[in-house]
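First up is the structure itself, then whatever we jot down about it.
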There are 2 protein chains.
Amino acid sequence: MVTISDIAKIAGVAKSTVSRYLNGGSISETTKKKIENVIAATGYSPNKFAQSLKAKRTNIIGTIVPRLDSFATSQTLIGIDDHLRELDCQMVISNSSQDLKREIENIYSLAKQKVAGIILLATEITTEHLEAFRTVQLPVMLVGQQHDQFHSVIHNDYDAAYELGKYILANGHRKIAYLGVTEKDVAVGIKRKEGFRKAVEEVPGSKVRYFETSFKIEHSIQKVPEILEEFNPTIIVCATDNIALGALKAAHMNRLRVPDDLSITGFGGYEITEITHPSITTAKFYYREAGNLAARNMVKLVNEEEINQITFSRYKILERESVDKLK
Amino acid sequence: MVTISDIAKIAGVAKSTVSRYLNGGSISETTKKKIENVIAATGYSPNKFAQSLKAKRTNIIGTIVPRLDSFATSQTLIGIDDHLRELDCQMVISNSSQDLKREIENIYSLAKQKVAGIILLATEITTEHLEAFRTVQLPVMLVGQQHDQFHSVIHNDYDAAYELGKYILANGHRKIAYLGVTEKDVAVGIKRKEGFRKAVEEVPGSKVRYFETSFKIEHSIQKVPEILEEFNPTIIVCATDNIALGALKAAHMNRLRVPDDLSITGFGGYEITEITHPSITTAKFYYREAGNLAARNMVKLVNEEEINQITFSRYKILERESVDKLK
DNA sequence: CTGAAAGCGCTTACAG
DNA sequence: CTGAAAGCGCTTACAG
């Protein structure tokens with residue numbers, strides 16, 4: 001392995017001069033050329049460990065994800081990774097497997113690895129999170145959830161839900177089931193529901209009932225038949241695409257035609273929702289873009305530049321086949 | 001930050017003694033206790049950079065993936081990560097975005113990061129791969145593809161395809177389209193086709209035609225109508241679940257009932273194939289287990305233990321709803 | 001079993 | 001603009 005000493009020796013300069021060259025210090029044109037040539041010839045690249053040990057900083061950004069096997073996670077990671085790669089930063093992924101305790105551990109563990117900052121694909125911010133972030137003293141960027149004490153990139157859940165609500169109302173639906181999730185998840189459990197609620201409140205005479213399930217497809221498959229029996233709506237507005245996928249499956253299993261007998265909508269814009277039969281009308285979020293924004297903001301944070309506390313990522317209502325036009 | 005010197009001072013011993021304690025050298029019971037207490041009290045954890053700089057080794061395993069947004073990748077990563085975490089090894093993920101050039105770069109870039117070994121979720125092994133691995137001189141573990149020069153964990157593509165072939169034949173299908181992929185991908189493009197071919201060769205009087213598409217769902221959606229027109233089979237055996245998903249979509253778009261008018265099978269066992277209507281009969285691979293095995297073997301390789309060159313991961317034929325029983 | 005010393009490959013004041 | 005020196009936090013022979 002060729003080291004900075006080798007380069008210095010071959011180029012006939014001091015190590016410190018080579019280091020200055022590497023880190024953009026002031027250098028005469030001639031020595032610059034000499035060093036450049038030697039580095040090119042030897043294929044030298046600095047030892048990251050020595051750099052980090054001495055300089056006490058790294059260009060590693062830690063990303064904590066609640067789970068690895070989700071469309072949203074994958075896309076967001078791609079967005080983060082692509083941007084970081086351009087800046088020669090490295091991304092380290094830490095998976096919590098939907099375990100909040102493990103998520104907290106991951107914060108401390110990334111701090112031990114001396115990452116420059118932490119991007120958290122957030123679900124729920126507990127007091128343990130607050131404490132962990134306070135003690136590690138690292139720049140933090142939330143994705144998907146907002147919080148007073150942190151910077152974040154969020155999907156515009158409220159507006160998306162409002163617009164989706166207006167869309168189904170405009171299509172004549174008046175007996176509506178909303179199938180949501182726990183309010184512990186503010187973005188998915190509260191914001192989407194509230195945006196939707198606003199839309200229905202603007203249209204008198206609509207009958208709406210709110211139900212709750214988990215994020216798991218199988219739970220949605222179980223829950224939907226109960227809703228049908230209890231309430232028999234013309235449409236089920238699902239808080240995520242996975243829940244909508246479960247609803248679609250349940251409809252098929254009950255020999256209901258979608259959308260003729262039952263309409264269904266989702267949130268997310270997962271690739272698969274276009275492939276199902278029928279394709280699912282949904283509020284698409286641009287996860288990859290959100291990841292990009294998060295990476296961009298994180299780097300600014302690390303460099304102590306100013307950024308807005310909240311950055312909104314785009315959304316778009318995808319009008320597809322799963323909503324019946326009642327008028 | 002508390003360092004090894006601090007621990008040594010507080011415990012009243014030399015740094016080297018603390019280091020020996022940390023690395024399992026011989027230590028008297030009394031000094032061991034002293035050091036233990038001080039470490040517990042201070043919450044000391046060794047600086048990884050200093051360790052790696054000095055010891056010239058790390059416990060980081062690099063994993064190169066062809067893409068982040070695939071069921072197979074996610075599951076395999078989870079399997080690798082879970083096992084590595086138990087051993088206090090760290091996983092670094094390097095995404096190639098289905099770009100072979102970037103995959104090669106990732107090999108060199110992981111080597112620069114001084115990873116202890118590289119796990120490659122392989123698609124195609126080119127001469128550039130061979131060269132890269134030769135120059136970085138690191139233990140290598142392939143997942144999903146086999147190669148003379150490397151250790152690997154592979155899915156039993158051949159046997160799975162053979163068994164799936166026998167299954168559809170047993171159900172009476174005799175006019176069969178096989179929709180495969182490029183032979184550059186040995187596991188998916190060749191092994192699956194050959195296993196299937198063996199099954200049909202054992203049953204005289206079956207008419208089989210072989211077609212080719214890409215890994216992309218949309219290409220499959222385009223391709224399937226052509227196959228239907230040209231050949232009109234009773235079943236399309238697809239080389240991956242994504243291709244099968246496209247075939248299912250194409251069937252729906254052409255108002256064909258599955259499986260009554262057309263049967264479809266896949267490979268992979270992606271979660272979504274159970275949710276579609278009808279659910280898809282497929283050869284399930286245990287990606288997570290494969291990842292586990294790969295991690296286990298990788299660690300052995302790093303520790304210079306003996307391992308088999310090829311480790312087979314399990315498979316299972318999932319008999320579901322997409323294959324018509326013709327007899 | 002234990003300690004003093006050297007050194008891994010860098011960066012960073014400091015002096016010139 | 002350039003160089004000599006100190007030191008980051010560890011590990012590893014070596015000597016006792």
Side-chain angles (χ1 to χ4, degrees), chain A residues 1-39 42-60 88-90 109 111-116 302-303, chain B residues 1-39 42-60 88-90 109 111-116 302-303:
Chain A
M1 220 51 253
V2 33
T3 72
I4 199 172
S5 301
D6 299 326
I7 303 300
K9 213 169 295 169
I10 303 176
V13 297
K15 286 194 302 179
S16 39
T17 306
V18 179
S19 178
R20 229 175 289 117
Y21 165 83
L22 255 20
N23 297 296
S26 48
I27 287 269
S28 77
E29 200 53 39
T30 49
T31 45
K32 185 174 167 180
K33 279 272 175 291
K34 270 195 293 190
I35 295 173
E36 235 161 43
N37 290 335
V38 176
I39 288 182
T42 54
Y44 166 72
S45 90
N47 182 313
K48 296 283 178 196
F49 299 121
Q51 285 185 317
S52 303
L53 175 58
K54 186 66 220 189
K56 299 199 169 303
R57 54 179 155 69
T58 66
N59 58 352
I60 307 172
D88 269 316
C89 283
Q90 212 208 312
S109 142
K112 269 195 203 166
Q113 290 169 52
K114 310 259 190 281
V115 298
V302 169
N303 297 330
Chain B
M1 220 51 253
V2 33
T3 72
I4 198 172
S5 301
D6 299 327
I7 303 299
K9 213 168 297 170
I10 302 175
V13 298
K15 286 193 305 179
S16 40
T17 305
V18 179
S19 178
R20 228 176 289 116
Y21 165 82
L22 257 18
N23 298 295
S26 46
I27 288 270
S28 77
E29 200 54 38
T30 49
T31 46
K32 186 174 166 179
K33 279 274 175 290
K34 269 194 294 189
I35 296 174
E36 235 161 41
N37 289 335
V38 177
I39 289 182
T42 54
Y44 166 72
S45 91
N47 182 312
K48 295 283 177 195
F49 299 121
Q51 285 186 316
S52 302
L53 175 59
K54 185 67 219 189
K56 298 197 169 307
R57 54 180 155 68
T58 66
N59 59 351
I60 307 172
D88 270 315
C89 283
Q90 211 209 314
S109 141
K112 269 195 204 167
Q113 290 170 52
K114 310 260 190 281
V115 299
V302 169
N303 297 331

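In this text, all values refer to a predicted model and were calculated from it rather than measured experimentally. Numbered from 1 within each chain, the chains take letters A, B, ... in sequence-line order.
Remark: side-chain polar atoms of B/S19 are not paired, donor with acceptor, to backbone N or O of B/K15 under 3.5 angstrom. B/T42 places a side-chain N or O within donor-acceptor distance of the main-chain N or O of B/I39, the cut-off being under 3.5 Å.
As a whole-Å value, the separation of B/E29 CD from C/dC1 P is 10 Å. Rounded to whole Å, atom C1' of C/dC10 lies 16 Å from atom NZ of B/K112. In this structure, NZ of B/K48 is placed 13 Å from C1' of D/dG9, rounded to the nearest angstrom. Whole-Å rounding puts the A/L53 CG to C/dT12 C1' distance at 13 Å. Between B/Y44 atom OH and D/dG9 atom P there is a gap of 10 Å when expressed in whole angstrom units. Between the P atom of D/dG3 and the NZ atom of A/K9 lies a distance of 15 Å, rounded to the nearest Å. In this structure, CG of A/L22 is placed 11 Å from P of C/dT12, rounded to the nearest angstrom. Taking atom NZ of residue B/K15 and atom P of nucleotide D/dG7, one finds them 12 Å apart after rounding to whole Å.
At a cut-off of 3.5 angstrom, counting only N and O atoms as typed in the model, there is a donor on one side and an acceptor on the other between the side-chain of A/K54 and the base of D/dG7. For A/S5 and C/dG9, a side-chain-to-base donor-acceptor distance below 3.5 Å is absent, hydrogens and geometry of angles not being considered.
Counting non-hydrogen atoms under 4.0 angstrom, A/Y21 reaches nothing in the nucleic acid. Residue A/S19 is in base contact, counting any heavy-atom pair closer than 4.0 Å across all strands shown. The residue B/K56 sits close only to the backbone: its heavy atoms come under 4.0 Å of sugar-phosphate atoms, none of a base. Backbone-only contact: B/T31 has heavy atoms under 4.0 Å from sugar-phosphate atoms and none from a base. Using a 4.0 Å heavy-atom cutoff across all strands shown, B/I27 reaches sugar-phosphate atoms only and no base atom.
Considering every non-hydrogen atom in both B/T58 and B/A116, the closest pair reads O-CB, 3.4 Å. Shortest non-hydrogen contact noted between B/D88 and B/N59 is O-ND2, 2.8 Å. Nearest heavy-atom pair, B/A11 versus B/K34, reported as atom, atom and distance to 0.1 Å: O-CD, 3.8 Å. The two atoms that bring B/Y44 and B/T3 nearest to each other are CE1-C, 3.6 Å, heavy atoms only.
If you find the closest nucleotide of DNA chain C to A/N23 and to B/A14, the one lying nearer the 5' end belongs to B/A14. Along DNA chain C, the nucleotide nearest to B/A55 and the one nearest to B/K32 differ in position, and the one closer to the 5' end is contacted by B/K32.
For NZ of B/K114, the number of neighbouring non-hydrogen atoms (other residues, nucleotides, ligands) closer than 6.0 Å is greater than 12.
Taking 4.0 angstrom as the limit, A/Q51 places none of its side-chain polar atoms (N or O) nearer than this to OP1 or OP2 of C/dG9. Contact annotation: B/R57 side-chain N/O to D/dT12 OP1/OP2 distance is under 4.0 Å. Using a 4.0 Å cut-off, no side-chain N or O of A/N47 falls inside it from OP1 or OP2 of C/dC8. Between C/dG3 and B/S16, no contact under 4.0 Å exists linking OP1 or OP2 to a side-chain N or O.
Picking from D/dG9, C/dT11, C/dT2 the nucleotide with the shortest atom distance to the side chain of B/T3 gives D/dG9. Of all nucleotides listed (C/dG3, C/dC10, D/dC10), D/dC10 comes nearest to the side chain of B/P46. Of the candidate nucleotides C/dG3, C/dT2, C/dG9, C/dG3 has the atom lying nearest to any side-chain atom of B/V13.
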> DNA chain D in dot-bracket, Watson-Crick or G-U pairs under 3.5 Å, [ ] crossing, | other strand?
Replying inline: |||.||||||||.|||
>> The test is side chain to side chain contact (heavy atoms under 4.5 Å, CB included); show your working for B/Y21 and B/E36 and say whether it passes.
In response: CA-CA 9 Å; B/Y21 165 82; B/E36 235 161 41; 3.0 Å; yes
>> I'd like to know whether A/K56 forms a side chain to side chain contact (heavy atoms under 4.5 Å, CB included) with B/M1, so could you lay out the CA-CA distance, the side-chain angles of the two residues, the decisive distance to 0.1 Å, and finally the verdict.
In response: CA-CA 11 Å; A/K56 299 199 169 303; B/M1 220 51 253; over 6 Å; no
